[in-house]
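The structure under discussion appears below in the form of structure tokens.
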Amino acid sequence: MTKPILYGADYSVYVRIARMALEEKGIDYELVPLDIFAAEGIPAGYLEHHPFGRIPAFEHEGFRLFETSAIARYADEAFEGPALQPKLPRSRARMNQVIGMLDAYGYRSMVWDVAVERLEKETPDESLIADGLRQAERVLKVLTSLKAQGSWLLGDQLTLADLHAAPIIGYFVKVAEGRGLLAGFADIQAWYARIAARPSFARTEKAG
Ligand SMILES: N[C@@H](CCC(=O)N[C@@H](CS)C(=O)NCC(=O)O)C(=O)O
């Protein structure tokens with residue numbers, strides 16, 4: 001079997017989600033650097049991999065995919081290694097719900113409106129950050145209510161929900177406001193400490 005290829009950059013939250021799934025499965029993959037924010041623009045030909053010009057994109061023996069959730073599910077289902085999706089329909093639905101919620105309501109508020117705004121802007125938009133924190137608080141509240149008993153979000157099995165949430169929350173806690181808010185959600189804070197201690201998290205940390 002030839003190595004799957006993932007196109008992306010190590011600064012990207014979504015690339016990290018896909019990489020964590022590949023790492024947790026023990027899949028030997030190649031990360032082809034693709035800087036979506038490069039001053040010279042998106043490299044010629046990349047739109048054939050991702051028509052919307054985002055990262056990551058994935059390729060395995062001629063089979064191309066984009067959308068991180070599809071990549072992660074393919075990695076789980078097409079390769080050997082520990083199962084990253086529950087078998088029971090309700091647990092699986094819960095996993096999909098958590099992933100969908102993070103995509104729809106968590107990523108923008110936690111990563112862009114709070115962390116990127118605080119870290120990257122010379123004059124951060126404080127009202128955007130305040131709105132982002134309010135939304136992030138709701139996400140953490142709901143995550144707390146959805147979390148099953150056990151080490152991981154779905155219980156004792158590490159699943160794609162954990163691997164989806166970790167890079168988003170990992171970006172959020174780069175800033176003091178993110179760390180402060182997370183500290184008010186003890187279960188999720190403890191879960192985050194566990195997932196952040198996994199080799200898959202360390203190996204996908206942005207270099208430098
Ligand atoms: N729905 C996409 C989202 C991917 C995404 O938004 N990636 C970001 C990097 S974390 C990106 O490429 N942003 C470039 C842009 O917004 O132009 C997925 O699940 O893969």
Side-chain angles (χ1 to χ4, degrees), residues 4-25 27 29-60 63-78 84-85 92 95-121 124-125 128-129 132 135-136 139 143 153 159-175 178 192 195-196 200-201 203-208:
I5 297 169
L6 194 73
Y7 298 88
D10 64 359
Y11 58 72
S12 159
V13 162
Y14 278 105
V15 171
R16 192 175 192 187
I17 294 169
R19 291 178 72 197
M20 281 188 73
L22 292 161
E23 295 276 349
E24 288 289 346
K25 288 299 281 189
I27 298 169
Y29 66 98
E30 184 185 352
L31 180 67
V32 173
L34 200 298
D35 182 6
I36 212 73
F37 298 120
E40 61 276 16
I42 298 172
Y46 183 64
L47 292 184
E48 284 172 27
H49 292 273
H50 198 311
F52 300 96
R54 297 210 168 185
I55 48 176
F58 175 87
E59 186 163 355
H60 180 220
F63 176 62
R64 287 181 176 180
L65 265 183
F66 62 89
E67 285 305 295
T68 301
S69 278
I71 296 167
R73 283 164 213 200
Y74 177 77
D76 187 36
E77 290 163 11
L84 298 174
Q85 298 176 89
R92 211 170 171 103
M95 179 193 78
N96 292 330
Q97 180 188 22
V98 167
I99 292 171
M101 176 185 76
L102 290 164
D103 281 344
Y105 314 112
Y107 171 69
R108 165 94 3 219
S109 60
M110 292 174 146
V111 174
W112 285 95
D113 297 350
V114 176
V116 174
E117 190 66 22
R118 178 62 74 217
L119 289 169
E120 309 284 344
K121 299 286 172 66
D125 178 342
L128 185 67
I129 292 175
Q135 175 82 320
V139 169
L143 210 50
L153 294 176
T159 72
L160 297 179
D162 300 291
L163 309 181
H164 215 88
I168 294 175
I169 294 181
Y171 213 103
F172 185 58
V173 299
K174 281 176 188 278
V175 298
Y192 178 69
I195 191 86
S200 64
F201 195 78
R203 279 204 291 267
T204 56
E205 191 84 65
K206 183 180 177 305

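Note that the numbering runs from 1 along the sequence shown for the chain. When a ligand or atom number is given, it counts from 1 through the structure's own listing order. Hydrogens, waters and symmetry mates are skipped; everything else that's a heavy atom, side chains included, is used. The shown structure was predicted, so the numbers you read here are calculated from the model rather than taken from an experiment.
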Q.
Can you see whether Asp162 engages Tyr192 through a side-chain donor-acceptor pair at a distance of less than 3.5 angstrom?
A. no
Q) Is it the side chain (CB and beyond), the backbone, both or neither of Tyr171 that lies under 4.0 Å from ligand 1, heavy atoms counted? A) neither
Q. Can you tell me which residue and heavy atom of the protein come closest to atom 12 (O) of ligand 1, and the distance to 0.1 Å?
A. Ile55 N, 2.9 Å
Q. Do you see a donor-acceptor pair shorter than 3.5 Å between the side chains of Thr159 and Gln85?
A. no
Q: Provide, to 0.1 Å, the distance between atom 19 (O) of ligand 1 and the closest protein heavy atom, together with that atom's residue and name.
A: Thr68 N, 3.2 Å
Q. If you count the atoms of ligand 1 from 1 in the order shown, which ones are under 4.0 Å from a heavy atom of Phe37?
A. 13 (N), 14 (C), 15 (C)
Q) Among protein heavy atoms, which sits nearest to atom 2 (C) of ligand 1, and what does the distance come to when rounded to 0.1 Å? A) Glu67 OE2, 3.4 Å
Q.
Tell me the protein heavy atom at minimum distance from atom 10 (S) of ligand 1, and give that distance in Å.
A. Ser12 OG, 3.0 Å
Q.
Please tell me whether Phe66 and Phe58 form a close aromatic pair, meaning their ring centres lie under 6.0 Å apart.
A. no
**Q.** Numbered atoms of ligand 1 (with element) below 4.0 Å of Val13, judged on heavy atoms
**A.** 10 (S)
Q) Counting from 1, what ligand 1 atoms have a heavy atom of Tyr14 closer than 4.0 Å? A) 3 (C), 4 (C), 5 (C), 6 (O), 7 (N), 10 (S), 19 (O)
Q. Would you call the rings of Tyr7 and His49 parallel, tilted or perpendicular if under 30° counts as parallel and over 60° as perpendicular?
A. tilted
Q) Are the charged groups of Arg16 and Asp10 less than 4.0 angstrom apart, N to O? A) no
